[in-house]
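Written below as structure tokens is the structure these notes are about.
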There are 2 protein chains.
Amino acid sequence: MPINQAFKALSDPTRRKILDLLRDRDLTAGEIAEHFDMTKPSISNHLNILKQAELVWDERKGQHIVYSLNTTVFQDVMKWLLNFQSGERNESK
Amino acid sequence: MPINQAFKALSDPTRRKILDLLRDRDLTAGEIAEHFDMTKPSISNHLNILKQAELVWDERKGQHIVYSLNTTVFQDVMKWLLNFQSGERNESK
DNA sequence: TCGATAATTAGATAATTATCTAAATATTGA
DNA sequence: TCAATATTTAGATAATTATCTAATTATCGA
């Protein structure tokens with residue numbers, strides 16, 4: 001919901017690549033980590049930042065935790081950007 | 001042009017407020033600084049980051065340097081976001 | 001219940017970013 | 001040309017963020 005967290009989350013290439021991977025299909029934390037040259041705790045941290053920004057959802061399925069994309073916040077960010085072209089004032093804080 | 005710089009630039013509340021101020025009209029560096037409880041060098045640094053991301057243009061007019069909004073990059077960012085709803089794969093790096 | 005697997009949390013460190021004060025540069029107008 | 005004004009650059013420090021290893025938690029299946 002807070003636009004600030006969304007922009008922060010989106011401002012890192014690793015996190016954007018995670019989002020890109022999730023466009024294809026839902027993935028477990030481990031599957032996501034396989035795509036990166038980085039430890040699992042680091043990826044876990046990035047996933048947490050994406051989760052806090054509500055850009056992804058997580059759901060435990062047995063031993064695994066499955067991550068999926070939440071497109072709602074993308075729309076919120078787009079609305080914010082559209083406001084710059086035409087819209088009325090918004091509280092950018 | 002690089003989406004990474006655009007997101008980085010947008011991920012700071014001070015910089016988003018600067019962009020918001022520039023929606024009304026072009027402003028000099030000093031006029032921008034007046035709106036913040038922060039030194040001029042700090043604002044100058046934020047302006048530089050916005051400039052590198054091409055979110056603003058600057059033009060010297062006599063003693064002043066006038067900053068203005070560049071909406072092109074906003075559109076690039078929106079295109080990137082739209083891709084997540086419907087689009088084909090992009091290189092999110 | 002216990003060993004194996006998946007993932008996160010804790011704690012430390014390195015890298016990046018934001019901010020400040022002081023100094024430098026550019027321009028104007030007398 | 002020189003003093004005043006506007007802005008940036010330099011250099012230092014504090015705050016934040018990214019990353020690692022080691023330890024912890026949760027779940028499964030025998």
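Everything numeric here is computed off the predicted structure, so don't read it as measured data. Each chain gets a letter, A, B and so on, in the order the sequences are listed, and its residues count up from 1.
With sequence neighbours excluded, no residue satisfies side-chain contact (heavy atoms from CB on, under 4.5 Å) with Glu34(B). For Asn45(B), the side-chain contact (heavy atoms from CB on, under 4.5 Å) partners at least two apart in sequence or on another chain are Ile49(B). The side chain to side chain donor-acceptor pair (under 3.5 Å) check on Asn70(B) picks up Thr72(B), with sequence neighbours excluded. Take Phe7(B) and apply the ring-ring contact (aromatic ring centres under 6.0 Å, His included) test, not counting sequence neighbours, and it matches Trp80(B). Remark: Ser42(B) pairs with Thr39(B) by the side chain to side chain donor-acceptor pair (under 3.5 Å) rule, at least two apart or across chains. Applying the side-chain contact (heavy atoms from CB on, under 4.5 Å) criterion to Lys8(A), with sequence neighbours excluded, gives Asn4(A), Ser11(B).
Between the P atom of dT16(D) and the CG atom of Asn4(A) lies a distance of 13 Å, rounded to the nearest Å. For the pair Ile43(B) CD1 and dA6(D) P, the computed distance is 16 Å after rounding to whole Å. Counting to the nearest Å, the P atom of dT16(C) and the CG atom of Asn48(B) are 18 Å from each other. As rounded to whole Å, 14 Å separates atom P of dT17(C) from atom CG of Leu50(B). The interatomic distance linking Leu27(B) (CG) with dT7(D) (C1') rounds to 15 Å, in whole Å. Atom CD1 of Ile32(A) is separated from atom P of dA7(C) by 9 Å (rounded to the nearest Å). Straight-line distance from the CG atom of Leu47(B) to the C1' atom of dT9(D): 14 Å, rounded to whole Å.
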Could you pull out the protein-nucleic contacts involving nucleotides 27-30 of chain D (nitrogen or oxygen on both sides, under 3.5 Å)?
none

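Phosphate contact (OP1/OP2 of dT8(C), side-chain N/O of Tyr67(A), threshold under 4.0 Å): present. Contact annotation: His64(B) side-chain N/O to dT7(D) OP1/OP2 distance is under 4.0 Å. Look at Thr28(A) and you won't find any side-chain N or O under 4.0 angstrom from OP1 or OP2 of dA6(C).
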When the side chains of residues 57-64 of chain B are checked against the rest of the protein, which donor-acceptor pairs come out under 3.5 Å, sequence neighbours left out?
residue  : atom : partner  : partner atom : Å
Asp58(B) : OD2  : Lys51(B) : NZ           : 3.0
Arg60(B) : NH1  : Gly62(B) : O            : 2.9

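At a threshold of 4.5 Å between side-chain heavy atoms, the hydrophobic network of Ile, Leu, Val, Met, Phe, Trp and Tyr places Leu50(B) and Val66(B) in two separate groups.
Under the 4.0 Å criterion applied to side-chain N and carboxylate O atoms, Asp20(A) and Arg23(A) are assigned as salt-bridge partners.
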Protein within reach of the bases, or only the backbone? For nucleotides 18-23 of chain C, mark each nucleotide 5' to 3' as B, S or -, using heavy atoms under 4.0 Å.
SBBBB-
